[in-house]
Amino acid sequence: MELQHTEIEARVKQFWAENKIYQVEIDTNKPKYYVLDMFPYPSGSGLHVGHPLGYVASDIFARYKRLCGFNVLHTMGWDAFGLPAEQYAIQKGVHPAQTTAENILTYRRQLDNLGLSFDWSREINTSDPQYYKWTQWIVTRLFMHYYCKDTQRARPIGKLVAHFRKKGSTGINTANTQKQAFSAEAWTAMSPAEQDAVLMNYRLAYRTLGYVNWCEALGTVLANDEIVNGVSERGGHPVTKREMYQWNLRVTAYADRLLESLNTLEWSESMKNLQRNWIGKSEGALVRFDILGNETALNVFTTRPDTIFGATFMVVAPEHAIVQSITTNEQREAVNDYVTYVKSRSDIERQQEKKVSGVFTGSSCKHPFTGADIPIYLSEYVLAGYGTGAIMAVPSDDDRDNTFAKHFNLPIIEVVDKSMHPADTTAADKLGKLINSDFLNGLEVKDAIKAAIAEIEKRKIGTKKTNYKLRDANMSRQRYWGEPYPIEYDADGVASCLPMAELPLVLPDLADFTPAGNGAAPLAKLQNWVNEKEGFRREVDTMPGFAGSSWYFLRYMDPHNTENFASKEALDYWQDVDFYVGGSEHAVGHLLYSRTWHKFLYDLEKVPTDEPFRKLVNQGMIQGISQFISVKMGEKTVDLHVPINFVNEKGRLTYSRFLDLQKEDRRFAAINDEAIVWHTPADSEMYANCRAEVEKMSKSKYNVINPDDLVAESGADVFRMFEMFLGPIEQSKPFDTKGMKGVEGFVRKFWQQFFDANGNFSVSDEPATAAELKVLHTCIKKVTDDVQRFSMNTCVSAMMICVNGLKELKCNKRAILHQFVVLIAPFAPFISEELWHKLGNTGSVHRDGQFPLCNEAFLVSDTIDYPVQFNGKKKHNIFVPASATKEEIEQIALNDATIQKLLAGATPKKIIVVMGRLISLVV
RNA sequence: GCCUAGAUGGCGGAACUGGUAGACGCACUAGACUCAAAAUCUAGCGCCCUCGGGCGUGGGGGUUCGAUUCCCCCUCUGGGCACCA
């Protein structure tokens with residue numbers, strides 16, 4: 001009987017929906033398992049074949065776990081706030097809520113076509129007020145807490161206020177923006193506005209004036225991870241610096257813990273390294289250099305305090321606040337010129353052309369140990385935003401300092417003797433013995449660093465210090481389509497957060513979505529809304545995309561709860577995400593913010609675990625295969641993208657497919673009007689050879705493959721297995737539909753195994769033979785092992801071998817086929833459900849099936865043929881009973897006539913039997 | 001420059017802790033069926049060679065009876081960070 005996949009899919013989908021097969025509840029009799037996909041932003045273009053890669057893989061895993069008796073939480077939702085919907089709203093005037101709702105319907109339909117086992121009763125949407133009520137609530141909690149470094153956890157801001165009242169700022173050890181010192185009296189004497197400003201220095205969500213990344217084209221500020229190569233990640237618009245009041249998330253407070261607990265996670269090493277890199281912890285010392293003829297001093301951060309005797313000059317960032325006060329009159333003009341020059345250079349220019357530049361300030365520092373005068377320079381290679389914005393330059397052991405010293409003819413003093421170490425040892429290796437360094441002479445670098453810090457602290461000229469590259473995350477967006485801030489300002493401008501009872505603060509309707517101008521958010525235009533509450537003014541900025549996505553995995557545990565973001569019962573049962581699947585592009589954005597929020601909630605004892613995602617797998621990107629045609633355009637030849645469905649299997653452009661298109665779809669013709677005379681079928685260029693190239697899949701490259709088409713053509717089961725069969729999940733690879741044929745053949749063969757020559761359903765109740773059991777159980781073993789390793793491509797291979805084996809044995813035994821149905825169920829959910837019912841089972845294979853266990857006894861053969869090697873060369877096979885011991889194998893080998901001949905009377909020096917499998921005779 | 005992952009037939013890729021390299025699939029070739037084609041089935045398919053055999057996992061060296069796997073050096077490719085002191 002022919003496999004009618006469309007009919008089967010419709011029938012099975014209905015059965016699943018009617019019987020709520022995938023709905024899951026807390027069940028304390030079963031162990032829990034939480035399998036999660038990174039939820040998508042529902043964009044206008046729908047799913048392409050790249051999206052399902054991770055979804056299908058995690059679905060297989062979720063289904064496998066379910067069949068193994070776990071209570072599996074497997075859910076999906078929508079990261080629904082975001083820029084594209086708002087940009088579209090500005091252009092077309094369609095409310096983002098409407099666009100988003102439409103896109104969600106498309107996504108939902110496409111996902112359902114793939115047979116994914118999500119519990120849709122737990123669907124969430126970050127733009128739903130019932131959801132963002134809790135996003136806002138968490139932000140109010142962040143606002144109401146500070147980070148105590150003594151206890152290494154977040155604490156209520158009230159405790160800090162109480163401390164200020166009693167002791168002022170003395171004795172606190174907190175994460176803060178800047179150091180402050182004030183007495184209890186001074187605190188009490190402060191106005192509410194002044195106290196508010198002080199507290200902003202400690203809050204975990206805080207508002208401050210600072211230079212931020214401003215994107216004029218998008219009309220909003222962006223966080224560091226939203227900027228790639230100096231332009232906005234979305235749209236590629238230029239980004240400039242602008243001074244504005246902004247909300248920030250104090251992620252730096254958690255830097256150490258984020259770094260530490262990475263070691264406990266089952267993430268790929270490269271993923272952990274991306275985060276380590278981004279956090280960028282470095283340990284060293286803060287050292288004070290007194291400036292000659294000036295009361296102020298220059299503080300520098302260095303990771304190599306041991307090289308301090310090699311410091312021959314100082315370099316200060318041109319933007320540093322101290323610049324004017326240390327510039328002498330003789331040098332003022334040169335300094336001003338240089339500062340102007342640096343300001344004229346954009347970030348991109350500075351990154352691209354790194355030339356040696358700088359200027360002498362005229363001032364000098366006194367070396368804290370030698371007392372020598374060391375000149376202070378300005379140079380753009382010292383960054384204002386890192387460390388103290390000033391360095392002690394050690395040209396002997398730092399490449400940049402070295403280049404600078406040579407350029408400006410400054411002295412270089414060797415302080416580390418590297419001659420004891422390999423020739424290619426560099427300063428970065430931190431190897432060698434100190435020389436020319438007074439009390440440090442003779443010490444190895446590692447010891448010298450400790451000794452130098454000890455001495456620096458003893459002389460009170462500096463302290464041990466840890467620095468991070470990680471910056472606090474900007475959390476304000478001057479956009480409409482995001483969560484409103486649950487913050488209001490009183491007449492004095494003092495910020496307070498809304499109480500729980502006033503949440504959610506619903507995003508008001510707006511007709512015109514354009515920014516309000518001058519950096520103000522669209523909501524500023526709604527003066528009634530802004531001033532709705534008497535005596536208060538509402539915050540008009542909205543939250544960035546990462547707000548809603550930083551905790552969504554918790555909401556799935558208890559999505560309809562109105563009293564809490566999730567009940568304690570649900571949190572205690574579901575705990576955390578056991579298995580998280582998603583793209584590696586979220587390494588330093590979503591994954592870092594989620595971890596931070598989660599640790600914060602853990603500090604508040606709201607979640608039971610310190611980390612949200614135990615195991616993480618990053619699926620690779622599915623690329624498209626673009627087709628190009630070379631076309632003469634006037635003088636030059638250009639390569640143009642050709643829609644892939646215009647190109648036949650031989651890589652030739654076919655005219656007939658073009659003719660099939662409706663007029664409005666003739667985009668390809670339109671863009672190439674100039675180049676090709678399209679309207680003459682006889683035109684030889686119509687049949688030109690195309691050139692294929694692997695690129696990112698995108699609409700503009702005409703290389704997108706829609707999963708819907710493939711599902712309609714070959715069935716969801718085939719599509720799922722084929723996506724898995726492409727190769728390892730983690731790897732990026734081009735999507736080439738050519739290989740689908742193989743998987744299609746496999747599914748068909750499997751199906752036909754249940755039918756006789758006349759097409760009637762026919763299974764035999766006779767007991768299975770040893771050969772049949774061996775074929776099946778070999779497959780069970782392989783699939784069980786590989787699913788757990790997340791190696792889905794080899795699972796599919798194993799099943800293909802199994803089906804070929806059963807076919808060869810003409811096996812239609814119920815016992816064998818029943819087990820295979822359960823085995824294949826995670827991969828091919830539709831066909832397995834259909835066959836499960838045909839075999840006379842009730843319920844659903846996905847709920848009532850039990851994943852078959854491998855019985856190794858079936859795998860054993862009577863005899864095994866062992867290859868025998870001589871000196872690792874000559875080979876000869878011997879047959880031994882499968883149960884033979886090492887000694888017996890040796891005996892049989894030595895008695896074998898051929899081996900005796902090969903040995904020619906010699907006694908082997910060594911007989912090697914490894915794992916009972918292979919023998920090597922060393923003569 | 002630094003970090004990280006990788007390099008295996010014409011192609012995608014197997015080989016999980018060192019043990020018959022190339023599983024499985026695609027493509028290709030031949031045969032069967034067919035008037036013919038498609039589909040299907042059967043067989044072959046790393047390279048060289050006449051059998052026997054020799055050579056083969058980016059290149060070079062090493063450890064081992066035995067290396068795709070472990071160690072050292074080099075080349076190339078993908079991803080990330082990038083004047084972070």
Side-chain angles (χ1 to χ4, degrees), chain A residues 228-229 268-278 280-282 284 300-305 307 311 315 317 350-351 354-356 379-383 385-394 397-401 403-404 426-428 467-471 584-585 587-588 618 620-621 649 721-722 725-728 730-746 748-749 782 785-786 788-789 791 793-802 804 807 865-873 875 877 908-923:
Chain A
V228 180
N229 296 328
S268 72
E269 216 37 52
S270 56
M271 203 60 176
K272 291 186 191 178
N273 267 308
L274 285 181
Q275 293 218 341
R276 286 191 191 113
N277 223 317
W278 189 260
K281 179 176 181 168
S282 56
V300 301
F301 173 71
T302 175
T303 56
R304 295 294 305 275
T307 62
V315 187
R350 275 173 85 152
Q351 274 170 31
K354 290 171 190 166
K355 38 185 176 182
V356 186
S379 179
E380 60 178 329
Y381 82 85
V382 173
L383 305 175
Y386 183 77
T388 63
I391 61 156
M392 64 173 204
V394 182
D397 283 271
D398 183 286
D399 287 344
R400 294 151 304 173
D401 297 345
T403 322
F404 192 87
T426 64
N467 248 323
Y468 301 89
K469 279 199 266 181
L470 183 73
R471 296 290 128 78
S584 57
E585 67 272 20
V588 292
N618 301 111
M621 196 169 33
E649 303 76 42
M721 293 190 92
F722 176 62
F725 193 61
L726 280 172
E730 293 91 337
Q731 213 165 293
S732 289
K733 56 226 155 189
F735 194 86
D736 191 349
T737 49
K738 273 186 200 135
M740 274 190 75
K741 200 179 149 182
V743 179
E744 241 175 314
F746 156 74
R748 194 178 50 244
K749 274 187 252 175
K782 181 81 178 146
D785 288 351
D786 290 357
Q788 288 170 35
R789 289 167 42 211
S791 170
N793 54 335
T794 52
C795 287
V796 178
S797 293
M799 290 183 189
M800 287 173 168
I801 296 169
C802 184
N804 285 337
K807 197 180 166 192
D865 60 339
Y866 287 126
V868 182
Q869 302 181 8
F870 289 85
N871 294 335
K873 289 260 178 177
K875 284 178 206 165
N877 287 348
K909 282 185 206 146
K910 215 171 177 183
I911 303 173
I912 300 156
V913 178
V914 183
M915 294 161 74
R917 278 195 73 225
L918 187 83
I919 302 171
S920 195
L921 301 180
V922 184
V923 184

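Everything numeric in this text was worked out from a predicted model, so none of it was measured. In what follows, chains are A, B, ... by sequence order, proteins preceding strands, each numbered from 1. Hydrogens, waters and symmetry mates play no part in the numbers below; they use all other heavy atoms, side chains included.
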**Student:** Are any of the side-chain heavy atoms of A/Met271 and A/Asn618 separated by less than 4.5 Å?
**Tutor:** yes
**Student:** Side-chain contact, heavy-atom cut-off 4.5 Å: A/Phe735 with A/Phe722?
**Tutor:** yes
**Student:** May I have the distance from A/Asp399 (atom CG) to B/G1 (atom P), rounded to whole angstrom?
**Tutor:** 11 Å
**Student:** Using whole Å, what does the distance between atom P of nucleotide B/C3 and atom NZ of A/Lys272 come to?
**Tutor:** 18 Å
**Student:** Using whole Å, report how far CZ of A/Phe735 lies from C1' of B/G25.
**Tutor:** 14 Å
**Student:** Roughly, in whole Å, what's the span from CG in A/Asp398 to P in B/G1?
**Tutor:** 16 Å
**Student:** Give the rounded distance in Å between these two atoms: CG of A/Leu383 and C1' of B/C81.
**Tutor:** 14 Å
**Student:** 5'-most contact on RNA chain B: A/Gly742 or A/Gly387, nearest heavy atom basis?
**Tutor:** A/Gly742
**Student:** Taking the C1' atom in each of B/A23 and B/G12, what is the distance between them to the nearest angstrom?
**Tutor:** 13 Å
**Student:** Quick check for you: among B/C81, B/A85, B/G25, whose closest atom lies nearest to any side-chain atom of A/Asn804?
**Tutor:** B/G25
**Student:** Can you name the residues that form a side chain to side chain donor-acceptor pair (under 3.5 Å) with A/Glu585, not counting sequence neighbours?
**Tutor:** none
**Student:** Which range-with-range stems can be found for RNA chain B when each stem has 3 or more Watson-Crick or G-U pairs in a row and both distances sit under 3.5 Å?
**Tutor:** B:1-7 with B:75-81, B:10-12 with B:24-26, B:28-32 with B:40-44, B:46-48 with B:53-55, B:58-62 with B:70-74
**Student:** Quick one: what's the B/S/- string for nucleotides 5-13 of chain B, heavy-atom cutoff under 4.0 Å, read 5' to 3'?
**Tutor:** -------BS
**Student:** Sticking with atom P, work out how far B/G78 lies from B/C26, rounded to a whole angstrom.
**Tutor:** 30 Å
**Student:** Side-chain N or O of A/Ser282 less than 4.0 angstrom from OP1 or OP2 on B/A85?
**Tutor:** yes
**Student:** Would you measure the distance from the P atom in B/G31 across to the matching atom in B/A37 and give it in whole Å?
**Tutor:** 11 Å
**Student:** Using the side-chain heavy atoms of A/Arg789, tell me which of these nucleotides is nearest: B/A15, B/A85, B/C24.
**Tutor:** B/A15
**Student:** First locate atom CG of A/Leu470, then atom CD of A/Gln275, and finally report the distance between them rounded to the nearest 0.5 Å.
**Tutor:** 10.0 Å
**Student:** Looking at side-chain heavy atoms only, is the closest gap between A/Lys469 and A/Asn277 below 4.5 Å?
**Tutor:** yes
**Student:** Using salt bridge (charged side-chain N to carboxylate O under 4.0 Å, His left out) as the criterion, list what pairs up with A/Asp736, not counting sequence neighbours.
**Tutor:** none
**Student:** Nearest 0.5 angstrom please: A/Met799 CE to A/Thr794 OG1, how far?
**Tutor:** 10.0 Å
**Student:** Work out how far the C1' atom of B/A21 is from that of B/C72, and round it to whole angstrom.
**Tutor:** 24 Å
**Student:** C1' atom, B/U64 versus B/G19: distance in rounded Å?
**Tutor:** 12 Å
**Student:** Considering only nitrogen or oxygen atoms on both sides, find all protein atoms under 3.5 Å from nucleotides 39-45 of chain B and state each distance.
**Tutor:**
residue: B/U40; atom: OP1; partner: A/Arg748; partner atom: NH2; Å: 3.4

**Student:** Could you tell me if the side chain of A/Arg276 sits less than 4.5 Å from the side chain of A/Glu269, heavy atoms only?
**Tutor:** yes
**Student:** Do the side chains of A/Tyr381 and A/Asp401 get nearer than 4.5 Å, heavy atoms only?
**Tutor:** yes
**Student:** Please report the distance separating the C1' of B/U8 from the corresponding atom of B/C24, rounded so that it comes out in whole Å.
**Tutor:** 15 Å
**Student:** Can you name the residues that form a salt bridge (charged side-chain N to carboxylate O under 4.0 Å, His left out) with A/Arg471, not counting sequence neighbours?
**Tutor:** none
**Student:** Would you classify A/Asp785 as touching base, sugar-phosphate or nothing, given that sugar-phosphate means primed atoms plus P, OP1 and OP2, and contacts are heavy atoms under 4.0 Å?
**Tutor:** nothing
**Student:** Is B/G62 syn or is it anti, if syn means the base angle is within 90 degrees of 0?
**Tutor:** anti
**Student:** B/G18 and B/G66: how far apart are their P atoms, nearest whole angstrom?
**Tutor:** 16 Å
**Student:** When you compare the side chains of A/Asp397 and A/Thr307, does any donor N or O come within less than 3.5 Å of an acceptor on the partner?
**Tutor:** no
**Student:** Find the distance A/Asn618:CG to B/U4:C1' and express it as a whole number of Å.
**Tutor:** 13 Å
**Student:** A/Asn277 CG to B/A82 C1': how many Å, rounded?
**Tutor:** 9 Å
**Student:** Nearest to the A/Met800 side chain among B/U4, B/A85, B/G25, which nucleotide is it?
**Tutor:** B/G25
**Student:** Within the distance-only criterion (no hydrogens, no angle test), does the side chain of A/Lys733 pair as donor or acceptor with the backbone N or O of A/Pro728 below 3.5 angstrom?
**Tutor:** yes
**Student:** Which whole-number value in Å describes the distance from A/Asp401 CG to B/G1 C1'?
**Tutor:** 16 Å
**Student:** At their closest point, which heavy atom of A/Phe725 faces which heavy atom of A/Asn793, and how far apart are they?
**Tutor:** CD1-O, 3.9 Å
**Student:** Write down the distance separating the C1' atoms in B/A36 and B/G22, rounded off to the nearest Å.
**Tutor:** 38 Å
